[in-house]
Peer 1: 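Once you've had a glance at the structure underneath, I'll fire off some questions.
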Amino acid sequence: MTDRLTLLRPDDWHIHLRDGAVLQHTVADAARMFARAIIMPNLVPPARNVVEAGEYRQRILDAVPAGRSFEPLMTLYLTDQTSAEDIRAAKASGFVHAAKLYPAGATTNSDSGVTALEHIYPALAAMAEAGMPLLVHGEVTHDSVDIFDREKRFIDDQLTGLVQRFPTLKVVMEHITTADAVQFVESAGSNVAATITPHHLLFNRNHMLVGGIKPHFYCLPILKRNVHQQALLKAATSGNPKFFLGTDSAPHAQHTKEAACGCAGCYSAFAAIELYAAAFEQENALDKLEAFASHFGADFYGLPRNTETVTLVREPWQVPAVLPFGDNQVVPLCAGDTLQWRLLENPA
Ligand SMILES: NC(=O)N[C@@H](CC(=O)O)C(=O)O
Ligand SMILES: [Zn+2]
Ligand SMILES: [Zn+2]
């Protein structure tokens, strides 16, 4: 049995670091293992243009612990008002690497998201032109659509047509949760890819709902049935370069999740690579982890792969019950559980 695993240093192609006092914690956790991360722009107010993205980037850089290297890859939050010029200015900055589509009302802080795709056609044309990937939270939002069906309906009603209309646009379907999404991405062109989270690989809706409701498993898109979890595990460990690491680590203070109306999002960045190692080991596919975590995302974004390495050792450790989160605390994914793999602390 392997008990040591050395990988090219990974990147996270989907993370929420939030803002303000919590950055000291969220940035330190991400920078412990990741060289770079695609930073989600759903702040209040969101990072909608190159100026807001640049200011946010500086706040993140200011929070990187001394002695660590960590490059925040910024994204723009698309609204009905985003113009082709906004995209061109963002591209010219060199630090904005993608733009994010939140259908209005789909998830945390998506109120200023896009109300109809037609509104962003000029921006999407500029993105295709610039080679800038569109990152998609792929869920429809109509009250009439069941929450467990919202991803599939988005593929059928919106994404299929969008990919046809913009055949050269790079699209990342973020945090996929269904066999339908796996199938859609597999059968699309090489310009379409997907990120997969550790929580959707390790858990299904039974973990969230059987034996009492577990708010720390509540995220969007919501955990699905076991058959979907199996399809995601298969895709992530397949060696297909269309599927790569994106944690969707999305911390919310403990009291806002353990509430009558709890927030959506799981905090995984503190042990992301260890959690993925658990999922890959379960599939007997640890040999596939490096490409998923460290090659395919950079290749898709057209960025160089990292050159330094990180090492994981088989050394069981217990996930703390809570972690500091600015002036509050956050309950991490798998709180209290024992993880088998541990990342060696080798300063970057
Ligand atoms: N994934 C989540 O459940 N929540 C994310 C938003 C998102 O990625 O949809 C958040 O910002 O809290
Ligand atoms: Zn999302
Ligand atoms: Zn997210």
Side-chain angles (χ1 to χ4, degrees), residues 11-20 22-23 26 30 34 37-47 56 60 72-78 98-114 133-141 147-148 150-151 153-155 158-159 171-178 181 193-203 205 207-208 214-224 232 244-259 261-269 272 275 297 325-326 328 330-333:
D11 302 303
D12 186 349
W13 300 97
H14 182 134
I15 194 169
H16 302 266
L17 296 176
R18 312 304 191 199
D19 207 349
V22 305
L23 284 178
T26 58
F34 296 118
I38 283 281
I39 311 300
M40 287 296 132
N42 62 332
L43 307 175
V44 188
Y56 184 30
I60 293 167
L73 308 172
M74 306 310 291
T75 61
L76 287 195
Y77 182 113
L78 294 169
K100 180 73 192 277
L101 166 61
Y102 290 101
T107 187
T108 308
N109 301 339
S110 60
D111 297 350
S112 14
V114 173
L134 172 71
L135 315 184
V136 181
H137 180 108
E139 290 192 289
V140 295
T141 56
I147 187 168
F148 291 99
R150 288 178 173 203
E151 184 173 276
R153 280 293 291 276
F154 185 85
I155 295 168
Q158 311 264 332
L159 199 52
V171 178
V172 185
M173 196 173 176
E174 300 292 335
H175 47 43
I176 58 169
T177 65
T178 57
T195 53
I196 305 182
T197 77
H199 44 285
H200 291 101
L201 291 175
L202 289 167
F203 304 108
R205 66 196 199 182
H207 295 99
M208 179 175 57
K214 320 269 191 340
H216 298 291
F217 285 128
Y218 176 62
C219 64
L220 291 171
I222 199 161
L223 292 173
K224 306 296 192 299
L232 297 174
F244 47 83
L245 186 158
T247 61
D248 192 23
S249 179
H252 292 273
Q254 179 175 19
H255 66 278
T256 66
K257 284 192 70 71
E258 297 174 8
C261 182
C263 294
C266 301
Y267 191 53
S268 56
L275 292 161
F325 185 57
N328 289 294
V330 61
V331 176
L333 189 68

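Since the structure is predicted, the reported quantities are computational estimates derived from the model, not experimental observations. Indexing begins at 1, ligand by ligand and atom by atom, following the structure's order. These values consider heavy atoms only, across backbone and side chains, with no hydrogens, waters or symmetry-generated copies.
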Peer 1: If you stand at the Zn ion (ligand 3) and look out to NE2 of His16 and NE2 of His14, what angle do those two lines make, to 10°?
Peer 2: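 Once rounded, the angle between the two atoms at the Zn ion (ligand 3) is 110°.
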Peer 1: Before signing off on this row, confirm whether Ala264 and ligand 1 have an N or O atom pair separated by under 3.5 Å.
Peer 2: yes
Peer 1: Are any of the N/O atoms on His137, whether in the backbone or the side chain, positioned under 3.5 angstrom from an N/O atom of ligand 1?
Peer 2: yes
Peer 1: Is the closest side-chain heavy-atom distance between Val136 and Tyr102 below 4.5 Å?
Peer 2: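 Of all side-chain heavy-atom pairs linking Tyr102 with Val136, none is under 4.5 Å.
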Peer 1: Would a 4.5 Å heavy-atom cut-off, applied to side chains only, mark Ile222 and Met208 as touching?
Peer 2: yes
Peer 1: So, does Met40 sit close enough to ligand 1 that a heavy atom of it is under 4.0 Å from the ligand?
Peer 2: no
Peer 1: Check each atom of ligand 1 against the heavy atoms of Ala250 and keep those under 4.0 Å away; list them by number with element.
Peer 2: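 With Ala250 as reference, the close atoms of ligand 1 come out as 4 (N), 5 (C), 10 (C), 12 (O).
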Peer 1: For atom 9 (O) of ligand 1, tell me which residue out of Asp248, Leu43, Thr107 has the closest non-hydrogen atom.
Peer 2: Thr107
Peer 1: In terms of atom number and element, which parts of ligand 1 are under 4.0 angstrom from non-hydrogen atoms of His175?
Peer 2: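 Listed by number with element, the hits are 8 (O), 9 (O).
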Peer 1: Would you say that Tyr56 contacts Pro41 through its side chain, given a criterion of any heavy-atom pair below 4.5 Å between the two side chains?
Peer 2: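 The answer is no, as the side chains (C-beta and beyond) never meet within the 4.5 Å cut-off.
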Peer 1: Side chains of Thr195 and Phe244, heavy atoms from C-beta outward: is any pair under 4.5 Å?
Peer 2: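 Yes, side chains in contact.
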Peer 1: Which ligand 1 atoms does His252 reach within 4.0 Å, using its non-hydrogen atoms?
Peer 2: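 Every atom of ligand 1 under 4.0 Å from some heavy atom of His252: 12 (O).
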Peer 1: Please work out which of the three classes, parallel, tilted or perpendicular, describes the rings of His175 and His137, given edges at 30° and 60°.
Peer 2: perpendicular
Peer 1: Taking the side chain as everything from C-beta on, heavy atoms only, tell me whether Glu139 gets closer than 4.5 Å to Leu220.
Peer 2: yes
Peer 1: Applying a heavy-atom cut-off of 4.0 Å, say which part of Glu174 lies close to ligand 1: side chain, backbone, both or neither.
Peer 2: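 For Glu174, there is no contact with ligand 1 at all, from either part.
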Peer 1: Just heavy atoms, cut-off under 4.0 Å: does Asn42 contact ligand 1 by side chain, backbone, both, or neither?
Peer 2: side chain
Peer 1: Restricting to N, O or S atoms, which atom of Asp248 is closest to the Zn ion (ligand 3)?
Peer 2: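 The nearest such atom is OD1.
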Peer 1: Using the side-chain hydrogen bond (donor to acceptor under 3.5 Å, both in side chains) rule, pick out the option among His216, Lys257, Arg18, Glu258 that qualifies with His252.
Peer 2: Arg18
Peer 1: If you measure every N/O of Arg18 against every N/O of ligand 1, is any gap under 3.5 Å?
Peer 2: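 Yes; at least one N/O pair falls below 3.5 Å.
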Peer 1: By atom name, which N, O or S atom belonging to His137 lies closest to the Zn ion (ligand 2)?
Peer 2: ND1
Peer 1: Would you give the length of the straight line joining atom CZ of Phe203 to atom NZ of Lys224, rounded to the nearest 0.5 angstrom?
Peer 2: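 Those atoms lie 16.0 Å apart.
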Peer 1: Using a 4.5 Å cut-off on heavy atoms from C-beta on, say whether the side chain of Phe217 contacts that of Leu223.
Peer 2: yes
Peer 1: Using a 4.0 Å cutoff against the non-hydrogen atoms of Cys219, which atoms of ligand 1 qualify?
Peer 2: 3 (O)
Peer 1: Any side-chain heavy atom of Met40 sitting closer than 4.5 Å to one from Lys100?
Peer 2: yes
Peer 1: Which of the numbered atoms in ligand 1 are under 4.0 angstrom from any heavy atom belonging to His14?
Peer 2: 8 (O)
Peer 1: What I'd like to find out is whether the side chain of Leu275 reaches to under 4.5 Å of the side chain of Leu333, using heavy atoms alone.
Peer 2: yes
Peer 1: Starting from atom 3 (O) of ligand 1, which protein heavy atom do you reach first, and at what distance in Å?
Peer 2: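 For this ligand atom, the closest protein heavy atom is Leu220 N, 2.7 Å.
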Peer 1: Evaluate Thr108 for polar contact with ligand 1, using N/O atom pairs at a separation under 3.5 Å.
Peer 2: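 Min N/O separation from ligand 1 is below 3.5 Å for Thr108.
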